[in-house]
> 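Structure in structure tokens, see below.
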Amino acid sequence: MILGHELDLSSSAAFAWSILPILLIGLRMTLLAMFAGFVIAVVVGMIFALLRRSRRKIVTWPVGFAVEFLRNTPLLMQLFFLYFVLPEFGVTLPAFWTGTTVLGLQYAAYVSEVYRAGLDALPKGQWEAATALNLSKTRTYRTVVLPQMIPRVLPALGNYLISMMKDTPVLSTITVVEMLNLANRIGDRTFEYLVPLSMVGAIFFVLTCVCSALLRGLERFVPQKGIALR
């Protein structure tokens, strides 16, 4: 008996089985948003980190302001701004790409700090050796800096990937049909929220555990095998 209502396990199992294909469609959208957002975060985060190392203040100041703005304003506010305000200026983006862009940019701000810490942790002698060997900047980063920096930043990047996955339900507020959005629609239609919401929670739990296990394996693999970027 739960809250005065008898729980019929057999009918609940049948109901769960019937809505599973619908939730899997939402899961596909959730994973797409997570991976697209993470690619944006990793690439833009690196650009932010490199630009902030510039010696020109005309470059570092605007980039620093952008990073602080993205880190210190709510994700939901950024999402609503792009989705509801930009159309007033004639810029309309699809809901999915608006959501993934906002997710990617906010996490890019955090990831840029991870990169910055990784770059700062590199011994000064490594930079001086690359200069003494007359290596170009591109070759210095490709053959000296990145192979040493990436293993150090992998754990933090993995944590942000998992956090981003758990933030994807926010996209439902701008009509992106991801997993939680579909679970709510099923609840609205059937007046049964317990089963769909419980299933979404269980799927997120399994996904988080799988991602954590994969990332731990990757963290052990990368330092042992090294990174060949040549």
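Side-chain atoms are counted along with the backbone in the values below, which use heavy atoms only and exclude waters and symmetry mates.
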> Not counting sequence neighbours, which residues clear side chain to side chain contact (heavy atoms under 4.5 Å, CB included) with Ser136? List them please.
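So Ser136 forms a side chain to side chain contact (heavy atoms under 4.5 Å, CB included) with Thr138, Arg139.
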> Kindly work out whether a path of hydrophobic side-chain contacts (I/L/V/M/F/W/Y, heavy atoms less than 4.5 Å apart) joins Leu51 to Val145.
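Each belongs to a different hydrophobic cluster.
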> Do Trp61 and Phe65 land in one hydrophobic cluster if side-chain heavy atoms of ILVMFWY residues count as linked below 4.5 Å?
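In one cluster with Trp61: Phe65, no.
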> Just jot down the side chain to side chain contact (heavy atoms under 4.5 Å, CB included) partners of Ala109, sequence neighbours excluded, or say none.
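Result, side chain to side chain contact (heavy atoms under 4.5 Å, CB included) vs Ala109: Val67, Leu70, Arg71.
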> Please go through Val206's hydrophobic cluster and name the other residues, only I, L, V, M, F, W, Y counting, with side-chain heavy atoms under 4.5 Å joining them.
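Besides Val206, the hydrophobic cluster comprises Val210, Leu214, listed by chain and residue number.
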> Keeping to residues at least two apart or across chains, list the side-chain hydrogen bond (donor to acceptor under 3.5 Å, both in side chains) pairs with something in residues 111-123.
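Residue pairs with at least one partner in residues 111-123: Arg52-Glu113, Arg53-Asp120, Glu113-Arg116, Arg116-Asp120.
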> When rounded to the nearest 0.5 angstrom, what distance separates CG in Leu27 from CE in Met34?
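Between atom CG of Leu27 and atom CE of Met34 there are 9.0 Å.
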> Under 4.5 Å between side-chain heavy atoms, counting indirect links through other Ile/Leu/Val/Met/Phe/Trp/Tyr residues: same cluster for Val114 and Val63 or not?
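They do not share one cluster, since no chain of ILVMFWY contacts under 4.5 Å joins Val114 to Val63.
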> Under 3.5 Å, sequence neighbours excluded: what are the donor-acceptor pairs made by side chains of residues 37-49?
none

> How many angstroms lie between CG in Leu31 and SG in Cys211, if you round to the nearest 0.5 Å?
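Atom-to-atom, Leu31:CG and Cys211:SG are 8.0 Å apart.
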> So do the side chains of Leu122 and Met149 get within less than 4.5 Å of each other, counting heavy atoms only?
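The answer is no, as the side chains (C-beta and beyond) never meet within the 4.5 Å cut-off.
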> Under the side-chain hydrogen bond (donor to acceptor under 3.5 Å, both in side chains) rule, what pairs show up with a residue in residues 151-160, not counting sequence neighbours?
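Passing the test, one end in residues 151-160: no pairs.
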> Taking all non-hydrogen atoms of both residues, which atom of Ala95 and which atom of Thr175 are closest, and how far apart?
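Nearest pair, atom of Ala95 first, then Thr175: CB-OG1, 3.8 Å.
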> Distance from Ser172 atom OG to Met179 atom CE, nearest 0.5 Å?
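CE of Met179 is found 11.5 Å from OG of Ser172.
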> Just to verify, what does Arg28 make a side-chain hydrogen bond (donor to acceptor under 3.5 Å, both in side chains) with, not counting sequence neighbours?
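For Arg28 there are no side-chain hydrogen bond (donor to acceptor under 3.5 Å, both in side chains) partners, ignoring immediate neighbours.
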> How many angstroms lie between CD1 in Ile203 and OG1 in Thr30, if you round to the nearest 0.5 Å?
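Reported value, rounded in 0.5 Å steps: 9.0 Å.
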> With sequence neighbours excluded, tell me which residues meet side-chain hydrogen bond (donor to acceptor under 3.5 Å, both in side chains) with Ser198.
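Testing Ser198 for side-chain hydrogen bond (donor to acceptor under 3.5 Å, both in side chains), a comparison that skips the adjacent residues, returns none.
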> Is it true that Leu105 and Leu79 fall in one hydrophobic cluster, defined by side-chain heavy atoms closer than 4.5 Å?
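In one cluster: no.
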> Within the side chain of Gln78, is there an N or O that forms a donor-acceptor pair under 3.5 Å with the backbone of Thr73?
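Yes.
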> Could you pull out all residues at least two apart from Leu180 that satisfy side chain to side chain contact (heavy atoms under 4.5 Å, CB included)?
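If we apply the side chain to side chain contact (heavy atoms under 4.5 Å, CB included) test to Leu180, skipping adjacent residues, the hits are Pro169, Glu178, Asn184, Leu197, Val200.
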> Is it true that Val176 and Leu24 fall in one hydrophobic cluster, defined by side-chain heavy atoms closer than 4.5 Å?
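Yes; tracing contacts between hydrophobic side chains, which count when under 4.5 Å, links both residues.
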> Can you list every pair that meets ring-ring contact (aromatic ring centres under 6.0 Å, His included) and has a residue in residues 67-88, with sequence neighbours left out?
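Those involving residues 67-88 are Phe80-Phe84.
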> Please enumerate all residues that pass side chain to side chain contact (heavy atoms under 4.5 Å, CB included) together with Lys124, with sequence neighbours excluded.
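Residues passing side chain to side chain contact (heavy atoms under 4.5 Å, CB included) with Lys124: Glu128.
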> What distance do Thr208 atom OG1 and Phe205 atom CZ have between them, rounded to the nearest 0.5 Å?
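Output value for this atom pair is 8.0 Å.
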> Applying side-chain hydrogen bond (donor to acceptor under 3.5 Å, both in side chains), which residue pairs with at least one partner in residues 94-109 are found, sequence neighbours left out?
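Listed by first then second residue: Tyr107-Asp167.
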> CZ of Phe204 to NZ of Lys166: how many Å apart, nearest 0.5 Å?
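So the CZ of Phe204 and the NZ of Lys166 are separated by 10.0 Å.
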